[in-house]
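Below is one structure, written out as structure tokens; the observations come after it.
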Amino acid sequence: MVFPTDISAMQAATPADTRGRQLRDLRISVTDRCNFRCTYCMPKEIYGRDFQFLERSQLLSFDEIHRLVTIFKSHGIEKVRITGGEPLVRRQLERLIAMLASDPDLDLTLTTNASLLRQKAQLLKDAGLRRVTVSLDSMNDEVFRAMNDVDFPVSKVLDGIEAADKVGLNPVKINMVVKRGVNDDSVVEMARYFKGSGHILRFIEFMDVGNTNGWKMENVVSSRDLVERINTVFPIEPIKPNYVGEVAERWRYVDGSGEVGFISSVTQAFCRDCTRTRLSAEGSIYTCLFATEGTDLRSLLRSGASDEKISDVIGNIWRARTDNYSETRTAETAKLRKVEMSYIGG
Ligand code: SAM
Ligand code: SF4
Ligand code: SF4
């Protein structure tokens with residue numbers, strides 16, 4: 001494996017995109033497979049028995065991912081999120097975590113449905129992971145089982161959260177995708193459950209990622225609406241972002257019992273500060289969650305390209321970046337052919 005010898009020389013070329021945005025966050029999908037079939041992400045009708053997932057040989061190896069992260073770092077990447085599909089179904093993921101966590105300057109985290117978190121929490125912690133984000137869409141078992149569509153119970157997700165907390169993967173962030181008429185009446189109950197727990201609940205507006213989840217604007221509950229619903233029961237007030245480009249708008253309970261976040265990709269686009277890029281499980285880079293095309297880095301890796309060559313390609317892609325999908329979303333753009341969330345990584 002060849003690593004860049006002079007990172008600072010490569011850093012000098014760290015580019016901003018056409019809108020002046022720097023590259024700061026990298027989301028890495030380590031698999032396009034998942035053991036859930038969340039209706040808003042991998043609907044069963046599409047992701048059924050016959051669906052062709054990537055073969056193992058098509059996935060980037062851990063060494064390839066590590067090498068790319070090192071190159072991306074020279075372009076200014078500070079945060080890496082491991083995602084998927086369900087990242088914990090990738091065998092021995094802790095090996096990758098250990099490789100990436102050996103760099104103390106990298107803020108490394110992982111998003112999971114928590115189905116395997118109880119078994120994996122200690123391994124992940126020992127490998128050097130510091131935090132996890134867990135997806136949970138309702139405290140109502142019936143609603144949650146229907147949303148994950150594999151009859152997975154809330155209690156096991158809570159077990160996973162508890163295990164993560166116990167080994168020190170905290171505070172745990174909890175992601176709840178809110179879909180009108182499906183789980184929006186679970187919002188206050190979720191807030192009640194996690195209020196005072198030390199964990200941070202974040203509400204995500206249902207997004208038109210990909211083309212298979214049947215997205216309609218009428219199913220989106222705006223963050224503004226959610227703030228009102230929560231504020232009526234548990235008064236909350238806005239607080240400052242931790243850093244420029246933070247995706248979630250932060251609010252805190254007035255009684256001091258913690259904070260909640262709102263991710264409003266649909267109703268309050270945050271493209272202006274978007275510093276994220278995504279690496280698919282087969283090694284293509286996408287500069288927007290709603291992209292139609294990616295750029296294949298795996299072929300470069302596997303054809304013996306030098307770090308400098310790969311770095312140039314990444315730099316050129318970022319420099320040419322114009323993405324602002326959420327600022328221009330319409331019912332028509334929602335129908336455009338887009339890459340699927342389970343493939344590109346959420
Ligand atoms: N399987 C892991 C999980 O569910 O946490 C990681 C991958 S998942 C694609 C990452 C995040 O994207 C999850 O929090 C999920 O709820 C969110 N997500 C998936 N589809 C979405 C959609 N259509 N709108 C908003 N968020 C979505
Ligand atoms: Fe799987 Fe996560 Fe998508 Fe649900 S949101 S289907 S858990 S990848
Ligand atoms: Fe970034 Fe694309 Fe989302 Fe805008 S729509 S915030 S450019 S990922």
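Read the numbers this way: they start at 1 and go in the same order the structure lists the ligands and their atoms. These numbers were taken from a predicted model, which means no experiment stands behind them. Nothing fancy with the numbering, it's 1 onward along the sequence.
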Which of parallel (below 30°), tilted (30 to 60°) and perpendicular (above 60°) describes Phe152 and Phe36?
tilted
For Tyr243, which fellow cluster members are found when Ile, Leu, Val, Met, Phe, Trp and Tyr are connected by side-chain heavy-atom distances below 4.5 angstrom, either directly or through intermediates?
none
Salt bridge (Lys or Arg N to Asp or Glu O under 4.0 Å) between Arg272 and Glu327, intermediate numbers included
CA-CA 9 Å; Arg272 210 182 43 184; Glu327 289 177 350; over 6 Å; no
With atoms numbered from 1 as shown, which atoms in ligand 3 lie under 4.0 angstrom from a non-hydrogen atom of Asp323?
7 (S)
Closest non-hydrogen atom pair between Trp215 and Arg329, with its separation:
CH2-CD, 3.9 Å
Atom CE in Met42, atom CD in Glu86: separation rounded to 0.5 Å?
10.5 Å
closest protein heavy atom to atom 20 (N) of ligand 1 is Tyr40 CD1, 3.3 Å
Output every pair passing side-chain hydrogen bond (donor to acceptor under 3.5 Å, both in side chains) with a member in residues 26-47, not counting sequence neighbours, ordered by first then second residue.
Asn35-Asn113, Asn35-Ser115, Tyr40-Asp137
Carefully, step by step, assess Ile28 and Phe72 under the rule side chain to side chain contact (heavy atoms under 4.5 Å, CB included).
CA-CA 12 Å; Ile28 303 175; Phe72 268 106; over 6 Å; no
Could you tell me which atoms of ligand 3, counted from 1 in the order shown, lie closer than 4.0 angstrom to a heavy atom of Phe270?
6 (S)
Does Thr333 form a side chain to side chain contact (heavy atoms under 4.5 Å, CB included) with Leu336? I'd like the steps, not just the answer.
CA-CA 5 Å; Thr333 60; Leu336 291 174; 4.1 Å; yes
Assess, by modelled atom type and distance only, whether the side chains of Thr18 and Thr322 contain a donor and an acceptor separated by less than 3.5 Å.
no
Consider ligand 3: state whether an atom of it lies below 4.0 angstrom from any non-hydrogen atom of Arg321.
yes
Atom 3 (Fe) of ligand 3: which of Tyr325, Phe290, Tyr286 has the nearest heavy atom?
Phe290
Among Gly84, Cys38, Ser29, which residue places a heavy atom closest to atom 8 (S) of ligand 1?
Gly84
For Thr267 and Ser222 the tightest heavy-atom approach is CG2-CB, 3.7 Å
Run the salt bridge (Lys or Arg N to Asp or Glu O under 4.0 Å) check on Arg130 and Asp107 step by step: do they pass?
CA-CA 8 Å; Arg130 286 187 226 140; Asp107 181 11; 5.0 Å; no
To atom 16 (O) of ligand 1, the nearest of Ile204, Val177, Ile82 on a heavy-atom basis is Val177
Looking at atom 17 (C) of ligand 1, what's its closest protein heavy atom, distance included?
Met341 CE, 3.6 Å
Short N or O distance, Asp137 and ligand 1, threshold 3.5 Å exclusive:
no
Inter- and intrachain pairs under salt bridge (charged side-chain N to carboxylate O under 4.0 Å, His left out), touching residues 176-190, at least two apart:
Asp184-Arg229, Glu189-Arg192
Quick look: Asn213 vs ligand 1, heavy-atom contacts under 4.0 Å, and the answer is side chain
Within 4.0 Å of some non-hydrogen atom of Ser326, the atoms of ligand 3 are 5 (S)
Polar proximity ligand 1 side, Met207 side, N/O cut 3.5 Å exclusive:
yes
Just checking, any donor-acceptor pair under 3.5 angstrom between side chains of Thr133 and Arg81?
yes
In the protein, which heavy atom is nearest to atom 1 (Fe) of ligand 3, and how far is it?
Cys274 SG, 2.4 Å
For Thr212 and Cys41 the tightest heavy-atom approach is OG1-O, 4.2 Å
Should the proximity of Asn175 to ligand 1, defined as any heavy atom under 4.0 Å, be assigned to the side chain, the backbone, both, or neither?
side chain
Do any nitrogen or oxygen atoms of Ser135 lie less than 3.5 angstrom from nitrogen or oxygen atoms of ligand 1?
yes
Side-chain donor-acceptor pair present, Asp255, Ser257, cut-off under 3.5 Å
yes
Non-hydrogen atoms of Val30 and Ala281 that approach each other most closely
C-CB, 4.0 Å
What protein N/O/S atoms are found closer than 2.8 Å to atom 3 (Fe) of ligand 2?
Cys41 SG
Measure the distance from atom 8 (S) of ligand 3 to every protein heavy atom, then report the residue, atom name and distance (to 0.1 Å) of the closest one.
Leu289 N, 3.3 Å
Within-cut-off N or O pair, Gly85 and ligand 1, under 3.5 Å
yes
Polar contacts were defined as any N/O atom of the residue lying under 3.5 Å from an N/O atom of the ligand; does this apply to Thr83 and ligand 1?
no
Those atoms of ligand 1 less than 4.0 Å from some heavy atom in Phe206:
23 (N), 24 (N)
Protein heavy-atom partner closest to atom 4 (Fe) of ligand 3 - residue, atom, separation in Å
Cys271 SG, 2.4 Å
Heavy-atom nearest neighbour in the protein, as seen from atom 2 (Fe) of ligand 3, with distance rounded to 0.1 Å
Cys288 SG, 2.3 Å
Honestly, for Arg276 the part within reach of ligand 3 (heavy atoms, under 4.0 Å) is side chain
